[in-house]
Amino acid sequence: MKIDKASVLKTLETISVSGEGKNMVESGAVTNVVTFADEVIVDLTLTTPAMHIKKRAESDIISAIHSGLDENAKVKVNIKIEAPQKTNEIKGKAIPGIKNIIAVASGKGGVGKSTVTSNLAVSLSKMGFKVGLLDADIYGPSAPIMFDVEAERPLSVTVDGKSKMKPVENYGVKILSIGFFTKPNQAVVWRGPMAAKALNQMIFDAAWGELDFLLIDLPPGTGDIHLSIMQSLPITGAVVVSTPQNVALADAKKGVAMFQQESINVPVLGILENMAYFTPEELPDNKYYIFGKDGAKNLADDLGVPFLGQLPLVQSIRESGDIGRPAALQTGTILESAFIDITKNTVQETVNRNKDLPPTEAIKITTMAGCSAVKN
């Protein structure tokens, strides 16, 4: 019996691939049919490599042709696997109402990362953005001091029938920190899973509301807390802070490498150079490069990431942090100007990133025991 292509296609319309609602022809799984006398070759494309689905599809095709056309037909099924392209949909546990989540990191402690985060938050607020700050440095929280809210405690509010923490607010910035839940002299002595659980509560059990930016002040290094945060949230991008000193640059380079790892893949918005130079008040035209010159700028060029700007070494930035009034609140000073420029550059790089790249996915890590406390 001679079999033609049309009759084969009509027969294949009576069966479907396991798990799909449409028949094989309508769904596009059947990509080609070739007939010659009593021989039939069917090219089939599946979206899953599962062996039982492949065998089931092949068996169904052979049975359908044998029962509907010719029981003696010689049927060959060629199966090709093509996994569907990933969509731009954010996976993981996104926080409703928060547009951009920016992680501020440094490979090394003592480079002014928390100071930069606090002032960046204040600058964004001054520009009219709705801003939140999560102090993720579990073992050395500093946001309560820098925002002069050490004595404050988050209140409990009800949102959609659930009890949530209301972040403490000052200078237009909503803040949550482990420092609100510990005594000033109390050391936080927790293993990774316990720290991750505390972070998880501050992230998802908080009433952040509508935010344009949530800044996350990460601890130094590239460890457990960093993985927990990136496993919990789809981070929009990262800002890496460093001084020009070679020792700090070596660790900043590792910080950038962490975000750029294939398994993490968080876009680096740029590198920021803190303590770039010192200018005495009595010699405003002089610059003294105490920790080296343009080190972070050159590192950004070498790594091919944006350079967000330089912050000078000025006594008042330390003083303002200690009294809980961030230097970005100043007017008409070199610090205000520097923070405005850096903030504008950060916003622009965020806009560029959102225009050019799909949303970041929360990473999936199954072999790190320290991440097990984080909700997936």
Side-chain angles (χ1 to χ4, degrees), residues 102-124 137 140 142 145-146 215 217-222 237-260 268-323 325-349:
I102 296 178
V104 183
S106 67
K108 187 176 183 62
V111 297
K113 170 185 50 59
S114 295
T115 298
V116 168
T117 307
S118 300
N119 283 281
L120 186 59
V122 169
S123 295
L124 286 167
D137 194 344
S142 54
I145 296 174
M146 292 189 170
L215 303 185
D217 182 15
L218 292 172
T222 55
V239 171
V240 177
V241 180
S242 180
T243 63
Q245 187 179 4
N246 287 339
V247 172
L249 294 172
D251 289 336
K253 190 173 182 179
K254 295 173 186 174
V256 173
M258 173 187 68
F259 291 113
Q260 291 181 337
V268 177
L269 300 178
I271 295 177
L272 186 156
E273 186 173 85
N274 192 24
M275 308 181 203
Y277 57 86
F278 171 67
T279 297
E281 188 175 354
E282 63 275 12
L283 298 170
D285 295 328
N286 290 22
K287 289 184 178 181
Y288 297 93
Y289 299 94
I290 298 173
F291 298 107
K293 184 177 181 181
D294 293 337
K297 184 177 185 299
N298 294 333
L299 177 63
D301 292 338
D302 291 342
L303 298 179
V305 299
F307 181 65
L308 299 176
Q310 295 177 317
L311 283 171
L313 181 61
V314 179
Q315 183 174 329
S316 65
I317 195 171
R318 190 271 305 165
E319 294 172 340
S320 60
D322 286 347
I323 64 172
R325 185 172 174 80
L329 293 168
Q330 299 173 7
T331 56
T333 66
I334 186 174
L335 287 176
E336 183 200 30
S337 177
F339 276 117
I340 287 175
D341 289 342
I342 287 170
T343 305
K344 285 181 177 178
N345 290 338
T346 302
V347 171
Q348 185 59 57
E349 291 302 329

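- Put simply, the residue from Ser118, Ser242, Ser106, Ser142 that forms a side chain to side chain contact (heavy atoms under 4.5 Å, CB included) with Lys113 is Ser106.
- The minimum heavy-atom distance between Val111 and Ala248, with the atom names listed, is CG1-CB, 4.1 Å.
- Taking CD1 from Ile340 and CG from Asn119, the interatomic distance works out to 11.5 Å, rounded to the nearest 0.5 Å.
- Side chain of Ser320 to backbone of Ile317: a donor-acceptor contact under 3.5 angstrom is found.
- In summary, the side chains of Gln310 and Asp294 do present a donor paired with an acceptor at a separation below 3.5 Å, with no hydrogens or angles considered.
- For the pair Leu269 and Gly237, the tightest heavy-atom approach, listed with the atom from each and the gap, is CG-CA, 3.9 Å.
- Note that the CG atom of Leu124 and the CG atom of Leu120 stand 5.0 Å from one another [nearest 0.5 Å].
- Residues Leu249 and Pro244 share a closest heavy-atom pair of CD1-O, 3.3 Å.
- Nearest heavy-atom pair, Met275 versus Leu313, reported as atom, atom and distance to 0.1 Å: CG-CD1, 3.9 Å.
- Note that OG of Ser316 and CD of Gln330 are 4.5 Å apart. Values are rounded to the nearest 0.5 Å.
- Between the CG atom in Leu308 and the NZ atom in Lys297 there is a gap of 12.5 Å [rounded to 0.5 Å].
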Which atom pairs, donor and acceptor, lie under 3.5 Å between side-chain atoms of residues 286-293 and protein residues at least two apart or in another chain?
unit_1, atom_1, unit_2, atom_2, d
Asn286, ND2, Tyr288, OH, 3.1

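- Pairing each heavy atom of Ala252 with each of Leu299, the nearest pair is CB-CD2, 4.1 Å.
- Minimum heavy-atom separation, Phe339 to Ser123: CB-OG, 3.6 Å.
- Annotation: salt bridge (Lys or Arg N to Asp or Glu O under 4.0 Å) contacts involving residues 329-338, sequence neighbours excluded, comprise Lys126-Glu336.
- Here the straight-line distance linking atom OG1 of Thr115 with atom CG of Asp322 works out to 8.5 Å at 0.5 Å rounding.
- Note: Thr117 OG1 to Leu218 CG = 8.0 Å, rounded to the nearest 0.5 Å.
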